[in-house]
Engineer: 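Following this message is one structure expressed as structure tokens.
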Amino acid sequence: ANSGGNSHYPPDDLNDYGTYVRETVTHFSDRIHVWEIWNEPNVRSGKYWPQNALPGPFVNYVTEASKIIRKNQPESFILLGGLATGKKAKPFDVWESMFELNVLDHVDGVAYHSYKYPGKKLIGFNEKLKKLINKYSTSNKELWITEFGVPAVSSLKKGKYSFEYQKNQILQSILIHWATGGRKFFIFSFWDKLEFDPSLSKKDIRLNKKGFYGLL
């Protein structure tokens, strides 16, 4: 379950957020035991989290949520909310700024969305992240890719928008993630969000690629 995945901004009052977390964890305690705290807080547009509230306020929210979850569900597994990995999002800079504030003391794993690091590119990314985590924590933190995908459309038999390319990139990324010490891997998404129009040009497909990440 993602704490904040559909929310554009955090509540103004940390206590209000704490109440939300407490009620949610209590309500779903018999069904959900893994909690990812927030979603892509480092997107430069500020779509999910105001960028002038990083890292301090965000770490405060993570710490508060973690303490509440631990108290109400001691067996829970807590993930630091999945960061976007694009260049403008500067994931490693954001991680280090949060790690310096001891956020790793309150989570069991670190989540991220590795769209920009498919296949072999993931090797160096995971190694760099593990090294950074080990710089700030002596305890093991699991690496979870909570979003990854490759867009594809049925009319293209070759190239980077073909089903063959999609399949190969996803399988290679999963295997490399596991081989480099990663734990869980979630694909975005199962169904395409858009119906494919055969008249679309490759430029149109590129502009609308978010609609074609589904496996079906």
Side-chain angles (χ1 to χ4, degrees), residues 1-11 14 16-43 46-51 53-55 57-86 89 91-92 94-99 101-117 122 125-126 129-130 132-133 136-137 139-149 173-174 177-178 181-190 213:
N2 187 295
S3 170
N6 294 317
S7 195
H8 284 248
Y9 288 102
L14 184 58
D16 289 344
Y17 181 62
T19 299
Y20 161 73
V21 172
R22 186 179 302 105
E23 292 297 321
T24 302
V25 173
T26 302
H27 183 75
F28 292 105
S29 61
D30 60 335
R31 285 168 281 175
I32 297 175
H33 300 89
V34 176
W35 302 92
E36 180 180 7
I37 302 176
W38 221 261
N39 174 69
E40 297 188 351
N42 62 325
V43 171
K47 180 179 180 181
Y48 300 116
W49 189 271
Q51 297 305 282
L54 277 175
F58 181 72
V59 170
N60 290 340
Y61 273 72
V62 173
T63 301
E64 179 71 8
S66 176
K67 289 178 178 179
I68 292 170
I69 294 169
R70 297 279 192 224
K71 181 178 180 180
N72 290 276
Q73 193 186 63
E75 75 280 13
S76 62
F77 187 95
I78 299 174
L79 290 165
L80 180 61
L83 292 198
T85 57
F92 287 97
V94 174
W95 271 322
E96 184 149 29
S97 71
M98 291 194 288
F99 295 172
L101 297 177
N102 301 315
V103 74
L104 290 173
D105 293 345
H106 303 281
V107 298
D108 303 299
V110 176
Y112 46 103
H113 303 164
S114 58
Y115 295 104
K116 299 295 184 180
Y117 293 88
L122 192 56
F125 187 94
N126 276 359
L129 178 53
K130 286 190 291 185
L132 184 61
I133 290 172
Y136 290 95
S137 178
S139 60
N140 180 53
K141 304 297 177 185
E142 293 187 7
L143 305 185
W144 287 41
I145 291 176
T146 49
E147 273 189 40
F148 176 78
S173 299
I174 291 171
H177 184 56
W178 290 339
R183 290 292 293 169
K184 304 294 184 180
F185 192 106
F186 291 81
I187 295 169
F188 175 86
S189 60
F190 190 67
Y213 273 92

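Only this structure's heavy atoms are used, side chains among them; waters, hydrogens and symmetry mates stay out. Counting from 1, the numbers follow the sequence of the chain as shown. Fair warning: this is a prediction, and the values are worked out from it, not measured in the lab.
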Engineer: With Ile78, which of Gln73, Arg70, Glu36 fulfils side-chain contact (heavy atoms from CB on, under 4.5 Å)?
Structural biologist: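 With Ile78 as partner, side-chain contact (heavy atoms from CB on, under 4.5 Å) holds for just one option, Arg70.
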Engineer: Regarding Tyr115 and Glu147, is there a side-chain donor-to-acceptor distance under 3.5 Å anywhere?
Structural biologist: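 Judged by distance alone, the side chains do pair up.
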Engineer: Would a distance-only check, ignoring hydrogens and angles, find a side-chain to backbone donor-acceptor pair under 3.5 Å from Trp95 to Phe99?
Structural biologist: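 Not confirmed, Trp95 side chain does not pair with Phe99 backbone.
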Engineer: Given side-chain contact (heavy atoms from CB on, under 4.5 Å), test Ile145 with Leu122 step by step and report yes or no.
Structural biologist: CA-CA 11 Å; Ile145 291 176; Leu122 192 56; 3.8 Å; yes
Engineer: Between atom CD of Glu64 and atom NE2 of His106, what is the distance when rounded to the nearest 0.5 Å?
Structural biologist: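 One gets 10.5 Å once the value is rounded to the nearest 0.5 Å.
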Engineer: What are the two closest non-hydrogen atoms of Pro41 and Gly81, and how far apart are they?
Structural biologist: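 It is CD-O, 4.4 Å.
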Engineer: Are any of the side-chain heavy atoms of Leu79 and Ile37 separated by less than 4.5 Å?
Structural biologist: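 Not in contact.
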Engineer: Kindly check if the number of other-residue, nucleotide or ligand heavy atoms within 6.0 Å of NZ (Lys130) is above 12?
Structural biologist: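 Yes - once you tally the heavy atoms of other residues, nucleotides and ligands closer than 6.0 Å, there are more than 12.
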Engineer: Rounded to the nearest 0.5 Å, how far apart are OH of Tyr48 and CG of Asn39?
Structural biologist: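 Answer rounded to 0.5 Å: 5.5 Å.
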Engineer: What residues form a side-chain hydrogen bond (donor to acceptor under 3.5 Å, both in side chains) with Gln51, not counting sequence neighbours?
Structural biologist: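 None.
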Engineer: Kindly say whether the aromatic ring centers of Trp49 and Phe58 come within a distance under 6.0 Å.
Structural biologist: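 Aromatic pair counts; centres sit under 6.0 Å.
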Engineer: Looking at His27 and Arg31, what are the two nearest heavy atoms and their distance?
Structural biologist: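 Where His27 meets Arg31 most closely, the heavy atoms are O-NH2, 3.6 Å.
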Engineer: Work out which heavy atom in Ser173 is nearest to a heavy atom in Phe148; give both atom names and the distance.
Structural biologist: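 So the two residues come closest at OG-CZ, 3.4 Å.
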Engineer: Test side-chain contact (heavy atoms from CB on, under 4.5 Å) on Leu104 and Val110 and set out the steps.
Structural biologist: CA-CA 8 Å; Leu104 290 173; Val110 176; 4.0 Å; yes
Engineer: Donor-acceptor pair, Trp178 side chain versus Arg183 backbone, under 3.5 Å?
Structural biologist: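 Pair found, side chain donor or acceptor close to backbone of Arg183.
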Engineer: Would you call Val25 and Ile68 a side-chain contact if the rule is heavy atoms closer than 4.5 Å?
Structural biologist: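 Of all side-chain heavy-atom pairs linking Ile68 with Val25, none is under 4.5 Å.
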Engineer: Tell me, do Glu40 and Lys47 make a side-chain contact under 4.5 Å, heavy atoms counted?
Structural biologist: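 SC-SC contact between Glu40 and Lys47 ruled out.
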Engineer: Counting only N and O atoms by type, is there a donor-acceptor contact under 3.5 Å from the side chain of Trp38 to the main-chain atoms of Gly82?
Structural biologist: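 No: the side chain of Trp38 does not pair with the backbone of Gly82.
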Engineer: Tell me if the aromatic rings of Trp144 and Phe185 count as close, with their centers under 6.0 Å from one another.
Structural biologist: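 So the answer is no for these two rings.
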Engineer: Find the distance between CD1 (Ile69) and NZ (Lys71) and round it off to the nearest 0.5 Å.
Structural biologist: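 Here the rounded value is 13.5 Å.
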Engineer: Quick one: which of Leu143, Asn42, Thr146, Leu80 gives a side-chain contact (heavy atoms from CB on, under 4.5 Å) with Tyr112?
Structural biologist: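 Checked Leu143, Asn42, Thr146, Leu80 against Tyr112; only one passes side-chain contact (heavy atoms from CB on, under 4.5 Å): Leu143.
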Engineer: Do any N or O atoms from the side chain of Ser137 and from the backbone of Ile133 form a donor-acceptor pair under 3.5 angstrom?
Structural biologist: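 Pair absent, no side-chain N/O of Ser137 close to backbone of Ile133.
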Engineer: Does this structure show an ion pair linking Asp105 with Lys141, if we count only N-O contacts that are shorter than 4.0 Å?
Structural biologist: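 The answer is no: the pair does not qualify as a salt bridge.
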Engineer: Using modelled atom types only, decide if a donor and an acceptor are shared between the side chain of His177 and the backbone of Lys184 within a distance under 3.5 Å.
Structural biologist: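 Side chain of His177 to backbone of Lys184: a pair is present.
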Engineer: Could you grab the distance from atom OG1 of Thr63 to atom CE of Met98, nearest 0.5 Å is fine?
Structural biologist: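 That separation rounds to 10.5 Å.
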Engineer: Does the side chain of Ser76 reach to within under 4.5 Å of the side chain of Trp35, using non-hydrogen atoms?
Structural biologist: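 The answer is yes, as the side chains (C-beta and beyond) meet within the 4.5 Å cut-off.
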Engineer: Below 6.0 angstrom between ring centroids: does that apply to Tyr17 and Tyr61?
Structural biologist: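 Centroid separation for Tyr17 and Tyr61: below 6.0 Å.
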Engineer: With side chains defined as the heavy atoms from C-beta onward, is the minimum distance between Phe92 and Leu129 less than 4.5 Å?
Structural biologist: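 Counting from C-beta outward, Phe92 and Leu129 do come under 4.5 Å.
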Engineer: Can you check whether Phe125 reaches Ser114 side chain to side chain, under 4.5 Å on heavy atoms?
Structural biologist: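 A side-chain contact is absent here, since even the closest heavy-atom pair is not under 4.5 Å.
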Engineer: Apply side-chain contact (heavy atoms from CB on, under 4.5 Å) to Glu96 and Leu132, showing your working.
Structural biologist: CA-CA 7 Å; Glu96 184 149 29; Leu132 184 61; 3.8 Å; yes
Engineer: Kindly give the heavy-atom pair with the smallest separation between Pro91 and Ala84, and that separation in Å.
Structural biologist: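 Nearest heavy atoms, Pro91 then Ala84: CB-O, 3.5 Å.
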Engineer: Taking C-beta and beyond as the side chain, do Ser29 and Asn72 meet within less than 4.5 Å on heavy atoms?
Structural biologist: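 No, every pair of side-chain atoms sits at 4.5 Å or beyond.
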